[in-house]
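Following: one structure in structure tokens, then a few remarks.
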Protein chains: 6
Amino acid sequence: MRLLVINPNTSASVTEKIAAVARSAAAPGTELEFVTAPYGVPYIATRAEAIIGGRVVLEILAERAAEFDAAIVAAFGDPGLGAARELFSLPVVGLAEAAMLLACPLGRKFSIVSFSSRLEPWYRECVEWQGLSGRLASIRMLDATVADVGRIQAENEDLLVALANAAVEEDGAEVVILAGAPLAGLASRVTERVPVPLIESVSASVKLAEALVALRPRKPLTGSYRQSAAKPATGLPDALTRLIETGQASTIR
Amino acid sequence: MRLLVINPNTSASVTEKIAAVARSAAAPGTELEFVTAPYGVPYIATRAEAIIGGRVVLEILAERAAEFDAAIVAAFGDPGLGAARELFSLPVVGLAEAAMLLACPLGRKFSIVSFSSRLEPWYRECVEWQGLSGRLASIRMLDATVADVGRIQAENEDLLVALANAAVEEDGAEVVILAGAPLAGLASRVTERVPVPLIESVSASVKLAEALVALRPRKPLTGSYRQSAAKPATGLPDALTRLIETGQASTIR
Amino acid sequence: MRLLVINPNTSASVTEKIAAVARSAAAPGTELEFVTAPYGVPYIATRAEAIIGGRVVLEILAERAAEFDAAIVAAFGDPGLGAARELFSLPVVGLAEAAMLLACPLGRKFSIVSFSSRLEPWYRECVEWQGLSGRLASIRMLDATVADVGRIQAENEDLLVALANAAVEEDGAEVVILAGAPLAGLASRVTERVPVPLIESVSASVKLAEALVALRPRKPLTGSYRQSAAKPATGLPDALTRLIETGQASTIR
Amino acid sequence: MRLLVINPNTSASVTEKIAAVARSAAAPGTELEFVTAPYGVPYIATRAEAIIGGRVVLEILAERAAEFDAAIVAAFGDPGLGAARELFSLPVVGLAEAAMLLACPLGRKFSIVSFSSRLEPWYRECVEWQGLSGRLASIRMLDATVADVGRIQAENEDLLVALANAAVEEDGAEVVILAGAPLAGLASRVTERVPVPLIESVSASVKLAEALVALRPRKPLTGSYRQSAAKPATGLPDALTRLIETGQASTIR
Amino acid sequence: MRLLVINPNTSASVTEKIAAVARSAAAPGTELEFVTAPYGVPYIATRAEAIIGGRVVLEILAERAAEFDAAIVAAFGDPGLGAARELFSLPVVGLAEAAMLLACPLGRKFSIVSFSSRLEPWYRECVEWQGLSGRLASIRMLDATVADVGRIQAENEDLLVALANAAVEEDGAEVVILAGAPLAGLASRVTERVPVPLIESVSASVKLAEALVALRPRKPLTGSYRQSAAKPATGLPDALTRLIETGQASTIR
Amino acid sequence: MRLLVINPNTSASVTEKIAAVARSAAAPGTELEFVTAPYGVPYIATRAEAIIGGRVVLEILAERAAEFDAAIVAAFGDPGLGAARELFSLPVVGLAEAAMLLACPLGRKFSIVSFSSRLEPWYRECVEWQGLSGRLASIRMLDATVADVGRIQAENEDLLVALANAAVEEDGAEVVILAGAPLAGLASRVTERVPVPLIESVSASVKLAEALVALRPRKPLTGSYRQSAAKPATGLPDALTRLIETGQASTIR
């Protein structure tokens, strides 16, 4: 099984963190390839940046989707996730989606903990889009200064653990998601310091992608994830133009 | 008052339709300027196309926002609407949002009628994002072949009226939105053929924009529509890069 | 365009405040007329008083609706609003409704701030009736002693600003509604003291009424706002009796 | 125990129907007194008529509440119910409320069946106000011509039974409410013709009122049903004026 | 009228408390019989214990239902309630259900106060199952050590009153439910110490059962509470086996 | 990794079907063991039967949990699932839960298709408990006579495919769950006959269990799935008694 992991941020240091955690989560037969966004911002935090990052995801998939069994959008917030499902026929999962779905069997309510309050509205809309607001206990965010997104985790470990514990004690969280690629790997180090299960979003996305590939779902011919009818496109990258103009979901499946 | 009306589609014939209706809806002191998307697709119908069109909206506003008092995203579905509110400080409204908000005082439940079933999922997510699902009676769509989006309205008038009446009789609609720029102007011609108020979305957006400008709202310094902190940007158009790198909402306000 | 502004309270000093703000909000061609409730209480604050005030609204409209293009129920809480839409064919808007609908494009969540905790349950039911509970961040109320409703605003400016700021900081409000006719005009004076947009409900109602008149909505022949069938009426004022007994929505439209 | 049953409609023939059914439902020690609205309409069917009928309820209670242990608002739709709870300290129940609450233990979803589609929007808002929309299967209505509201039941028995069965078969109703005073007594005659429990709303209101009296609930001193502070009142009937001006909930309790 | 009150806990001291309160709440003609669980735990507090207690309820009813007009599941949380309604044709009510339904007419929001935080998740799921989450202000729990469940009430009276008052002041409760059989009788002693109505759940269940019996509801032949088709059963108590194997709801009704 | 698959039904033919499908879905390193309910009914279809089956699940786990890494409750409807999570510390998943969670990334709305309308209410409550009603398009059920639950699938293949297609065309399903152990294996045979992805619930549960084990979640020390405090137990099987009396979650983890 081949999985394409797309970091829609431009920060290569975050891609490395993702890669380390994803590799250790992957099952024996799973091969992983990692791509970093060629343009955009180092860390997506707003709706505006999610539009930019969402288009990056579509461009990368337009070039590479045919070589893989599934793809992962490796930013919590899942930019371009629904769009990718329309244009392509391989399963595509997002970090936020995977973390939330795998949190559900472990507790009645989950909290999302991350490192910047600027992310909170975007994350909340992501929970709403999934229809999981009823399972959300809270979103709690550090107000860390993000000088170097690659070092956030190391510099804020105690604060993040304190936030997770506050979510449990004050908000009723029964499971806590440590959200976002920059926090990849933290969960395993602090498991004993929080009294409920922790979900690490990169690992969750790898396991969810593997599970979906095993189920061999077909590309829908109807509904909101079907491919659009062919239509003209102007001024877009070649691979994306080809997809839109042929109306063909490009894939090996 | 100066309003910028952005057609995020590449179809100039649709921009003309928008312009004719918007001009007739505008109050005496309102000046309107219209821009057509320089790249993308002739008619946005999917989440993928909305990401492309959303970025077009941001690029156009990055160039032009400072000259205007408010802007209108002239595609039902409102691509880039939330994103634009983050980056810019002038009021920005969308066709879907305006139509739905002005429908509320006219009936307890509204239906949305338009010309392609491919639009339905995107429209539905737009209603959900507005938190107005409780006011939605139904979305009813033609399955018109969209050979020339500029002629949809003329060729399907009777079918669209029949859909509106079905929404009233079978779904309990108390007001009907004729959705999308290609249907601009239809409402006034068929008012007598449907027993409840009709909302035309381009007119609604002009009136809502005028109303908001009159209230002189300030740019928020906090919350989800505040400008992001300055951060590096790579490979984006100059004006957009400048905005992101300075973290300044560009505007005359 | 002629708008009838009905103060369903008996306090003429509040009508004056409404008039001052409404006039400054109105567009050039808009003529305004103001009526104060001939009976009832100086300031409606409960469901019981809203029934009394709601009937006042119906009685005044039964006498005067035919002379106007639209009407405004100038009490936050909107007594008699749905009822007026059944009996009359001109657009009728309420202060609460207008403020909430125009708040939506300015922030994801709004808070309502006003001067008496006695109003809170009635306001909350009003938000629920509009189907906008999902957009409500909070309702925050002073416990001002309402000796003279005309002086509440002047005497409590700092406290009201503090409440608005608390709504932003603690409840996540992205826009704040200063609610009720007694607070008319306050928003423009304190804009700089609150970091998110403020909505003043009288101005909002004038702009919403103007927008609706411009859209020329028809009187519905079906649905919940249609006129009732003619039926006998006993012991009611003449104009109201005539309306009910003929089953005719009285209006110039 | 003494119960006051208020018919907010002017139709004495309906009051008789109510009385017959209420008497047969009452427990041995329960004394009932019946009052018909002195003004208004023969059968309340709209929000406008509910405002008129709601004020009738307040006026009658202002005169009589002190003589009773509880009161029943004997129109499905419950005009004035919340208002009465503010002004008075005896328990007050409505036909719609009682029928819905007693339906809940008998089936997961209830349908409401009645005789005029004009009632549907008002009933629906009543369900929403109770927070019971999640338990509602459907509202199904005859389009009977209401020449004589006292004879509706006899003339439409088969049609009403057919509606109830349609609610069961097509909408998933597990219990059916035969709604409104004019249908009082029908349920017991047609029990065998519908395969799920039927709730008759007048009987339900008597049993709910008896249950509440037995629980001896205190008048709340806080919350939305507390009495308002004393305030001036103009132009209202004496008893109502006295209540509002003293701010005293009038009652023997 | 004969009511069977089933304590699904094994604690006879709790059954005595239930009996004392139930007898004083019952109407003159109501005969009560009380049964204590022959196996299980002294006080059900979790989903696991509710499954055990739910089966106890079914076993007792399989033996005794035919002798009674209605049954009460006398544990707040209502173990086995839905199941009992499928297998038997007499009305069955639960403490939680009765308390919540009778709280509704007394306040817009209720809080549930009880003695152990371990109960909170189970109670919350019970509120959700009833579809009444919109009416719930809060659940507030002591962390009493439950050495002897029969003495909880006496030892914690002041703490429970303080919790009820906190629910009123901080959570907006307009009525407070003192939940669970071990608190039976407390409400009447502390009425004056809480400014809103108190609901005692055992009394509520007796009044609700009496009300339902008076309405003479039929056993549903369709819907989720209908009896299942006959099917084989292995290894279950005789009476229960007989019921399942015949598919006959066992009852005098 | 060792998974215990518990069939809470007494039908060994269904266990065989489960085993065949589970084995083909399992990853290379996954060992599976299957247990059939020693008492109860051949196919659980009601809340009453789910209580019986839920206790079976707890009894089997009390004996065997310590030998496994995770457990699967192999009946759609997930009897005893929440209870098992309290008493044991290994991950436990249910067929319904797994199918719904893995359906979410494949379509915006899922439908559940199965073989008996008697199952529908129980399944619906299961969806509600998961907080996923917003993702549910419909539940569609055959009314097959269940003479031999092991042959349902073979005898009704065309009818089940027709139901799935109806869910897609009429209810807007974007993914269809073929629900219940008796339908295990059907999905792979009919993939090409339905235009959207199909989810087979046994396979889904194996993949979800494997994913959760890989995430190594800790047993919660707080929240609704924590172990209860030790308490006395009477009349229960030994292993279950031991668990309850020690308050120790029995597990190798």
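Each chain gets a letter, A, B and so on, in the order its sequence line appears, and its residues count up from 1.
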Subject >> Residue pair B:Leu212 / C:Leu102: nearest heavy atoms and the distance that separates them >> reply: CD2-O, 3.6 Å
Original post:
Non-hydrogen atoms of chain C under 4.5 Å away: do they reach the side chain of B:Val194, the backbone, both or neither?
Top reply: backbone
**OP:** To the nearest 0.5 angstrom, please state how far the CD atom of C:Glu97 sits from the CG atom of B:Leu101.
**Re:** 10.5 Å
**OP:** Against chain C, label B:Glu169 side chain, backbone, both or neither, depending on which of its atoms sit under 4.5 Å from a heavy atom there.
**Re:** neither
Original post:
How far apart are the C-alpha atoms of C:Glu192 and B:Arg218, what are their side-chain angles, what is the distance that settles it, and do they pass the side-chain contact (heavy atoms from CB on, under 4.5 Å) test?
Top reply: CA-CA 8 Å; C:Glu192 297 303 316; B:Arg218 64 168 302 161; 4.1 Å; yes
Original post:
Which residue out of C:Ser224, C:Ser188, C:Gly131 racks up the most heavy-atom pairs below 4.5 Å with chain B?
Top reply: C:Ser224
Subject >> Most contacts with chain C, counted as non-hydrogen pairs under 4.5 angstrom, among B:Glu200, B:Glu210, B:Lys109, B:Glu174 >> reply: B:Glu174
Original post:
Of the listed residues (B:Pro220, B:Pro195, B:Gly223), which shares the most heavy-atom pairs with chain C below a 4.5 Å separation?
Top reply: B:Pro195
**OP:** Answer with side chain, backbone, both or neither: which region of B:Arg135 has an atom nearer than 4.5 Å to a non-hydrogen atom of chain C?
**Re:** side chain
Original post:
Does B:Pro105 offer a backbone N or O that forms a donor-acceptor pair with the side chain of C:Arg85 under 3.5 Å?
Top reply: yes
Original post:
If you count heavy-atom pairs under 4.5 Å with chain B, which of C:Arg108, C:Lys207, C:Arg226 comes out on top?
Top reply: C:Arg108
**OP:** Check each atom of B:Leu81 against the heavy atoms of chain C and say whether the ones under 4.5 Å are side chain, backbone, both or neither.
**Re:** neither
Original post:
Between B:Leu215, B:Val206, B:Leu132, which residue shows the highest count of heavy-atom pairs closer than 4.5 Å to chain C?
Top reply: B:Leu215
